[in-house]
Structures are given as C-alpha cells and as structure tokens.
Amino acid sequence: GNMIYILLKERGVPILRKLLLWLLMVCLLIVPVSASGITSAQSQSVVSENGSCQVNLTFTLVLDEAVKDLTYPLPADARDISVNGAPAFSSRDEQARRVSLGSSTSTAGTHTVAISYRLPDTVSADKNDNLILSVQLLNGFGYSIDNFAFTVTLPGPVDSHPNFQSTYYQEAVESVMDYTFTDGVLTGKFTSRIQDHDTLTMTLPVTAQLFPQSMAKQFDINTLELMMIICTVIAIVYWLVTMRCSIPPVTRTANPPEGMTAGELGSHLTGQGADLTAMVLSWAQMGYILIHLEDSGRVLLHKRMEMGSERSGFENKTFRSLFGRRKVIDGTGYHYARLCRKVAAVCPGLRDNFQKGAPNPRIFRTLVSLIGLLSGISLAASLAADTFWQVFLAIILGALGAGLSWLVQLSARRIHNHDKMELWLAISGSFLWLLLSILAHDWDVAICVLPAYFLAGLATAYGGRRSDTGMHNMSQILGLRRHLKTVTNQELLRILKQNPTYFYDLAPYALALDVDKIFARQLGNRKLPGCTWLTTGMDGHLTAAEWDRLLRDTVQSLDALQKRLPLDRILRR
C-alpha cells in the first residue's frame, strides 16, 4: 500500500493508467472469454381463425462447451412440442414451459435447433370486450441472440397496428427493430443484439370477423370447470329433491337394538353390507358359538347349539352356510373368508329402512364421480403438452379421478365402523391427488373437488329418504354409540351389579361401532371375570382393556384371510 502511494505521488496519473492496464491484461489472460450464444434465429407464426397459433422456431446455437440438460423456455400453454422433428420432453414452472434440447447440445460447437409448438388460444377479450391477439415471440432464453427475424401470418388483413413489449427495452423496443405489416403478414427483424433472458411479446387489436370462433373460444379454458359446476349443481338439486333426510333425535340407550346383531349395525345405519365377523361375535355372546383363540393365531368356532326361528331368516341362512353339518370350523380358513365376502354383498333390512320408491344413492354418487372424471381430464391437460399424451393421460387420470371420487364417498360410511381401511385409503388417495395437482399447477381444482367428495359422502352416508322403521333404527344405533362413548365408570359399575356380563354383552357392538377402546377405558384397571364365549390359552382375570385387545386380535385373525383373498385369486394360491 505504501509503495502504491509513493508511485502515485511521484509519477501521478500516468503510472495509475499503466497499473490499471497491466491488471486488465492479466485478467484477460486468466479469465476465459465465453462466446456462447445464438448467432441467428428465425420465428414463423401462423395464426388460425380459431385463435390457435402454430410456431416454428429455428436458431443456430454456438457453445464453447457442452451444456447438460439445456432447456429452451416456451409459453406456459404451449402444446404439441417437438425438437428437430421429434416429440420433446417438457416441464412446467410458474412462468413458462421448458422443453429439453436433449442431444442437441451434448457437445461443444455449432448446433442448429428447430422447435415447433402450438399455442391453443392467442385471442382474448380485454375489459372492454375488445379482441386482442397476443403472440409471445421470445420467452427469455439464457443466451444472447445476434440476429433475430420473425414472421406472423394472420387469417386476413387488419387495420390496426401491432405493439411490442420487451423485458429490456420495454415499449421502446420498436426503436431497435424494423418491421412491415402488409395484408395480414407481419415481417420484422432486430437491428441490434438481443440480450440474454430477454422476452418479446406482440399484441394486436383484431376483429370478430377475422376470428369468428374467438368469442366461443373464450370459454375453452374454463369448459371443464364449467362442466364440473353443472354436475355439482345437478347433484345438489337431485339430493335436495329426492334424497334429503334429516337425522333423527339421538337419545342415549344402554341396550342394543332388538333383533339386530353387531354385524348388521352398518347395514341398518349406512346401508353397507353385513359383517360376518361381528355377527359371529354376537352369536357367541348369545350362546350359539364358542370362540377359541389358539396361541398360533388360529381361531376355531365351535357350534354350541342350532339356531331356530328366534333369529331372522338372514341369520339362519348365514349360520347354516357357516357350519353346515360340522361342529367346528376354522375361522382363519378359506371357507370362512369366502363366506365373509359373500355376506358383505348382502344388506339385510335395506327395504325396511328406506321409503318405497326412494332413489338409489348410486345415481347421486355417479353424478359426483363425473366431477372426478372431469378433474382428471383437467389434470391431464395441465401435465402434458402433447395432444397424444393429453389424451392418454386424460383416459388414465379421468378413470382414477372418478374412482377416487367414488371411494371417498363410500368411505364416509366407515366413520362409525371399526374397519376404517376404506377411509384411510380415501384420505391417502386424496393427499396424493392433491400433491399431483400441485406439481401440475392445477391445485385450485383439487382444492375445490376433494372437499366436495367428502361432503357428498357424508350426504349419502346414511342413504336416502328413510322410512319410520329406518329412522327408528338409526336413532337406536346412534343412541347406543353415544352411550358407549359417554358412559361413566360409576354408571358402568351400577349396571354391572345388575348384569355382571354387561361388558361382554356390549363388547361386539362397541367394537362394530369403533368405540370399544373408549368403552373399555371407563372400567379402568378393574379385573373382570372370564368370558364365557371367548377362550384362550391365557390364565387369570384380565382388565377390560386387555379383553378388548384380545377381542381385536381375534377379529384381526378372522378377517385376515378375506382381505388377502382377492390377491390370492390373482396369484392362484
């Protein structure tokens, strides 16, 4: 520092100039000069009467070194993209759709690149309903352009003049370009170099006579959303007119509905199929069956006595199908698993619970599933830029969207059920659908339709319009569930003094309604006497919570094979 100060003091400005020149020469020798860029580029845009625009862009790119994963930015709504005549992979961000140049830039040197794409709608209406043609000629490439020429061909001549907008030059971009506009053909070129990441947009006031389909085209972007709104309105009106049913007043009741097993609660409450395992628990509690849980996990069902006319015809038929002439069956075998799936397809008491001529909830669910189908098509349009892939994804995602909607609606019936697998699948599927929608920048549609699925499921969870019997059954089941959830320890102790087996009598119903843990927790650490209808290799008295875990293990063993049965059939095991 002192030496520089002495030199400047003695020699003055000349020595400073020499020093700066020497530093500049050193920097030029050390730092390589990059000459990468586009030497020439030509853009040809042809606008059709329907407002779509076909763009063919050709440019010569000079690279000092190979660039990995180089992409070229295109307008966000670009479709049917190809690079050098071949379909190209593209990804979308918030500002643009980026097309991969692939092997075009795999080596250093001079490369000629031809990009073709289609803009589906370049004509829009402003706030005064005037039609405006907007074509984006450049979208901000990372390299400068030495020479750029463009041509925009319209369906016919117009009287207005084009306006140009640039990132660097703003509205003054016309000062660095020459153009002519004759008979609907706009030809122009830049007279100076275009900086890297610069954009160029041309706007032009046009008439409806030049674009006769332009006004109808304004609805194209929102066609799917409009159709979803229509389906939503139809579904709501259909539900209000034909299916609306008020929930009856719920009063706590300490006893299960008369003549109804735990396996039939879901059928009478939400119209779903019967649960054979819960029916078996009720039969065991009534004395028809003895359940033995082995240490290996196998469950043996011992028939204690025959079932007679004291039970319903559905129960008698199912009981005979379960045992036949045998006294003992394996509850973890294929015979039991197949019967479980067969019984699950039957909904006992369905006609008694609903009014005659009541509409089928499937019609309502189908209307809502159409919304899922349309949301899948909308998602496909956001994910793919090529028409072929849009159609391909629309078929797949449309089917998945409809299936997800149906699953979400059905899962609402499982809110009061101990087996919530369907509900968890619906929640997981909805989360994945939302994540996919966010990645496709179509999250606003998912935010609207996913809650609609769950609301629609709740609207049909209890079926359509109910008869007086159906309203009574619903009130009894919900009243029992409320009692099992809210009963206090003091109430239970008082009931147990009158009925020592009350916990075991209500345990199948508590499990079927998914309140068994709460019900067992109310008894605390109180030891219970042995269960007369469920035996294990365990000795000693257990608490209510321990009996509940044992009961859940038994149910899990009984249901395990029926859940694997479809996969076993596919694998032919």
Side-chain angles (χ1 to χ4, degrees), residues 23-24 27-45 53 55-78 81 83-84 88 90-102 104-117 119 122 132-152 161-181 186-204:
L23 290 175
L24 179 61
C27 291
L28 291 175
L29 291 175
I30 295 177
V31 180
V33 178
S34 175
S36 296
I38 295 178
T39 57
S40 63
Q42 292 183 343
S43 174
Q44 295 180 344
S45 304
C53 179
V55 181
N56 296 310
L57 176 65
T58 304
F59 59 86
T60 301
L61 176 63
V62 178
L63 297 176
D64 285 350
E65 58 183 11
V67 180
K68 185 179 180 181
D69 299 329
L70 183 61
T71 60
Y72 189 90
L74 300 177
D77 58 342
I81 305 171
V83 175
N84 295 332
S90 65
S91 59
R92 182 178 174 182
D93 56 26
E94 295 182 357
Q95 286 80 24
R97 184 177 290 276
R98 300 188 175 276
V99 58
S100 174
L101 299 184
S104 301
T105 58
S106 59
T107 59
T110 303
H111 306 275
T112 300
V113 182
I115 301 177
S116 176
Y117 59 93
L119 301 176
T122 56
I132 302 296
L133 171 68
S134 178
V135 179
Q136 196 162 10
L137 303 175
L138 288 176
N139 204 48
F141 192 39
Y143 293 90
S144 60
I145 304 176
D146 294 336
N147 299 286
F148 177 66
F150 59 89
T151 300
V152 179
H161 297 281
N163 297 314
F164 296 90
Q165 179 79 19
S166 168
T167 300
Y168 284 96
Y169 296 100
Q170 301 296 321
E171 290 83 358
V173 66
E174 294 187 22
S175 62
V176 293
M177 59 184 294
D178 293 330
Y179 70 88
T180 59
F181 192 21
L186 174 66
T187 303
K189 65 178 181 179
F190 269 70
T191 57
S192 64
R193 187 181 188 185
I194 299 178
Q195 301 297 324
D196 57 286
H197 297 96
D198 197 3
T199 63
L200 179 64
T201 303
M202 183 213 73
T203 58
L204 177 69

Task: Contact check, side chains of Tyr72 and Leu57, non-hydrogen atoms, under 4.5 Å - done: yes

Task: Under the ring pair (Phe, Tyr, Trp, His ring centres under 6.0 Å) test, residues paired with Tyr169 that sit two or more places apart - done: none

TODO: Please examine the side chains of Leu119 and Pro75, heavy atoms only from C-beta on, and report whether any two atoms are closer than 4.5 Å.
DONE: yes

TODO: Hey, could you give me the CG/OG distance between Leu70 and Ser100, rounded to the nearest 0.5 Å?
DONE: 8.0 Å

TODO: Run the numbers on Leu101 and Ile115 for side-chain contact (heavy atoms from CB on, under 4.5 Å), then give the verdict.
DONE: CA-CA 9 Å; Leu101 299 184; Ile115 301 177; 4.0 Å; yes

TODO: Heavy atoms only: give me the nearest Asp146-Thr39 pair and the separation to one decimal.
DONE: CB-O, 3.3 Å

Task: Value rounded to 0.5 Å, distance of CG in Asp196 from OG in Ser36 - done: 11.5 Å

Task: Spacing of Tyr143 atom OH and His197 atom NE2 [to the nearest 0.5 Å] - done: 9.5 Å

Open item on the list: Do Thr180 and Thr187 make a side-chain contact, defined as non-hydrogen atoms from C-beta onward lying under 4.5 Å apart?
Closed with: yes

Task: Student check: side-chain heavy atoms of Tyr117 and Ser90 closer than 4.5 Å - done: no

Task: Polar contact flag, side-chain donor to acceptor under 3.5 angstrom, Thr199-Thr167 - done: yes

- [ ] State, to 0.1 Å, how close Phe141 and Thr71 come at their nearest heavy-atom pair, and which atoms those are.
- [x] CE1-O, 3.4 Å

- [ ] Quick one: closest heavy-atom pair of Phe150 and Lys189, and the distance?
- [x] CE2-N, 4.0 Å

Task: Which atom of Arg97 lies closest to which atom of Ala78, heavy atoms considered - done: NE-O, 3.5 Å

Task: Spacing of OG belonging to Ser166 relative to CG belonging to Asp198, to within rounding of 0.5 Å - done: 3.5 Å

- [ ] For side-chain contact (heavy atoms from CB on, under 4.5 Å), just list the numbers for Thr203 and Asn163, CA-CA rounded to whole Å, side-chain angles, deciding distance to a tenth of an Å, and then say yes or no.
- [x] CA-CA 5 Å; Thr203 58; Asn163 297 314; 3.6 Å; yes

Open item on the list: Please check if the number of heavy atoms outside Gln165 that lie under 6.0 Å from its CD is greater than 12.
Closed with: yes

Task: Working for side-chain contact (heavy atoms from CB on, under 4.5 Å), residues Leu138 and Ile145 - done: CA-CA 11 Å; Leu138 288 176; Ile145 304 176; 4.1 Å; yes

Task: Contact summary for Thr201 and Ser134, nearest pair of heavy atoms - done: CG2-OG, 3.7 Å

Open item on the list: Could you walk me through whether Ile194 and Tyr168 satisfy the side-chain contact (heavy atoms from CB on, under 4.5 Å) test, starting with their C-alpha distance in whole Å, then the side-chain angles of each, then the deciding distance to 0.1 Å, before giving a yes or no?
Closed with: CA-CA 9 Å; Ile194 299 178; Tyr168 284 96; over 6 Å; no

- [ ] Kindly say whether Ala114 contributes a backbone atom to a donor-acceptor pair with the side chain of Asn84 at under 3.5 angstrom?
- [x] yes

Task: Test item: Met202 and Leu133 side chains (from C-beta on) under 4.5 Å apart, heavy atoms - done: yes

Task: Donor-acceptor pair, side chain of Asn147 and main chain of Ser40, under 3.5 angstrom - done: no

TODO: Verify the distance criterion only: is there a donor paired with an acceptor across the side chains of Thr191 and Asp178 at less than 3.5 Å?
DONE: no

Task: Atom of Phe181, atom of Leu204 and distance for their closest heavy-atom approach - done: CZ-CD2, 3.9 Å

- [ ] Give, for atom CD1 of Ile38 and atom OG1 of Thr58, the distance between the pair rounded to the nearest 0.5 Å.
- [x] 11.0 Å

Task: Phe148 side chain near Leu200 side chain, heavy-atom distance below 4.5 Å - done: yes

Open item on the list: I need the Thr151 OG1 to Leu186 CG distance, nearest 0.5 Å.
Closed with: 7.5 Å

Task: 4.5 Å side-chain heavy-atom contact, Ser43 and Phe59 - done: no

